[in-house]
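Read the structure below first, then the notes.
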Amino acid sequence: MEAVVSDAPETLMALTLTVNGDRVRVAVSPTRTLLELLRYDLGLTGTKQGCDKGDCGACTVLLDGRPVNACITLALSVEGARVDTVEGLADGPRLHPLQDAFVRLGAAQCGFCTSGVLLSAKALLAENPAPARLQIKQALSGNLCRCTGYTKILDAVEDAARALCSKGQQP
Amino acid sequence: MLTLPPFAFARPTTIEAALDALATGDALLIAGGTDLLPSMKQGLFAPKTLVSLGAIAELETLSVAPDGSLVIGAGVTLSRLATDPEVAARCPALGQAAALVASPQVRNAASLGGNLCLDTRCPYYNQSEFWRSALGFCLKKDGDVCHVVPKGQRCVAAFSADTPLPLIAYGGSVVLRSRGSQRTLPLRDFYVADGVKNTVRADDELLTAVVVPPQPSGTRAIYRKLRVRQAIDFPALSVAVCGRQDAHGNVVALNIVVGAIAAAPRVIAGLDALAVGRKLERALIERVAEHVRRQCQPLKNIDLDPGWRREVLATEVTRALEQLSSCGPSSVAFGANPEATEETS
């Protein structure tokens, strides 16, 4: 890997990453966060801008499979990485089992936290296909929801885990 | 929407190149960025250059030295610390403390070095520039008054990191490198009670690694963290206890470190005279808890009543010592892990 240096704040720097399976090459300012890159440069507005300082989890995306807060991740720090957002969850018109469970069980109300919650849940199920309820709570502990009281979200993740296990699918 | 102030960006791939970039002046180091970036968005820091440590592989190693010490690169993430088998075997309370930091998202990005160098926090400091300007700013940033201690001359923002407490209790050290020099110092001497800058790290130094010495057989350590929510929050109070008893239950060694009280962690003095050679039973536990309470005077540097925090500190120390001695109920209240009592051998 080569060292990357920008001499001045206004200099745009080249960045290559993979977003939802597509290789993307863009020029970004050093001050661009990953969240701003996704929403304002790539038009992927499914990732939400909430507190913008790493508290609420609305901007959660998967960075090489692990959930991170995109609002406090510098775009230039994800050079060469794989980023997955909520737009990459569904398979064409077919919802991901997590999305399907969230719709059926009413786990999304205002919906602002939902994309972040879905990605935290996806990372959990990839690591642990049959999590206990406490493990789901711990995995979602960085995602604040002000509508549901969390119960329906936990129910939906349990439901999706069962659906994925019965189909023998990978989350 | 909170935007970052302008800065230039360097992403070196070696420690030497990072030190060169740091030595250019007005540069700050960034690893996970989970502490620095929110603060930059609030106008608390505006460096000319950010030097990223994310591409330096040497900082991400975790190895056991020939003498049995665990050497942890400063770039190791908190999630890795929380699940690493060597950490679990040799210094489990460190893994437990790492697992209690913030949220899964933050732990996946945040580094051990960043947690050790975490900025102190205060309700009058961690605010937007607009909010701070309404009070005429404060001692820690842009002003000359302290709103916590109105006539105070020294910033008392709270030490809010979790991992340093068990590391100090285990007798851990930090390795600091600058261009052409390197020094190792005990972590307990790394911190100073000044909320503006609470470490002795020079501006051109990089904390490269943490060394945890091998623990004598039978050493047990516990980390307890009090906070309003069981996730995301910084500690309102934190306690690390590390100790050892002989076959008769008599205390051979006992260290207690308290956090979130002042700008530096408080290493409790006088424990050898009080506890060593005595059985860790109810009477001694109560005496030690009272001893700790007397040495700690919480301030209004956290949004919880200081008097209440002081009383609860005695309770937290009691619970930690009960867990240590296994002579009482293994309480799991206030954020302690169910597995909070571990034994190293």
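Worth saying up front: this structure is predicted, and the values here are computed from it rather than measured. Reminder, nothing fancy here: chain letters follow the sequence lines and each chain counts from 1.
- Between B/T83 atom OG1 and A/E127 atom CD the span is 8.0 Å, to the nearest 0.5 Å.
- A distance of 9.5 Å separates CD in B/Q105 from SG in A/C56, rounded to the nearest 0.5 Å.
- With a 4.5 Å cut-off on non-hydrogen atoms, A/T33 touches chain B through its side chain but not through its backbone.
- Here the closest non-hydrogen pair linking A/T31 and B/L4 is O-CD1, 3.3 Å.
- When heavy atoms are compared at a cutoff of 4.5 Å, A/E36 approaches chain B solely by way of its side chain, counted from C-beta outward.
- Residue A/S77 holds its OG atom at 11.5 Å from CG of B/L53, rounded to the nearest 0.5 Å.
- Looking at B/M40, there are no atoms closer than 4.5 Å to chain A (heavy atoms on both sides), in backbone or side chain.
- Heavy atoms only, all atoms of each residue included: B/P104 and A/G142 are closest at CD-N, 3.8 Å.
- At distances below 3.5 Å, not a single donor-acceptor pair connects side-chain atoms of B/N108 with backbone N or O atoms of A/V68.
- Your options are B/A21, B/P38, B/S103, B/G32, and the one with the most heavy-atom pairs under 4.5 Å with chain A is B/P38.
- There is no contact between A/A123 and chain B, counting heavy-atom distances below 4.5 Å.
- Between A/M13 and B/F9, the shortest heavy-atom contact is CE-O, 4.2 Å.
- Here the side chain of B/K41 pairs no donor or acceptor atom with the backbone of A/K53 at under 3.5 angstrom.
- Within 6.0 Å of CZ on B/R229 lie more than 12 heavy atoms contributed by other residues, nucleotides or ligands.
- Both the backbone and the side chain of A/S141 come within less than 4.5 Å of a heavy atom in chain B.
- A/D55 approaches B/I232 most closely through the heavy-atom pair O-CD1, 3.4 Å.
- Heavy atoms of A/C51 lying under 4.5 Å from chain B belong exclusively to its backbone.
- Using a 4.5 Å cut-off between heavy atoms, B/L50 touches chain A through its side chain atoms alone.
- Distance check: B/L2 CG to A/D52 CG gives 5.0 Å after rounding to the nearest 0.5 Å.
- Taking CG from A/L76 and CD1 from B/I30, the interatomic distance works out to 10.5 Å, rounded to the nearest 0.5 Å.
- Residue B/S52: no heavy atom, backbone or side chain, is found under 4.5 Å from chain A.
- With a threshold of 4.5 angstrom between heavy atoms, A/L74 approaches chain B through its backbone and through its side chain.
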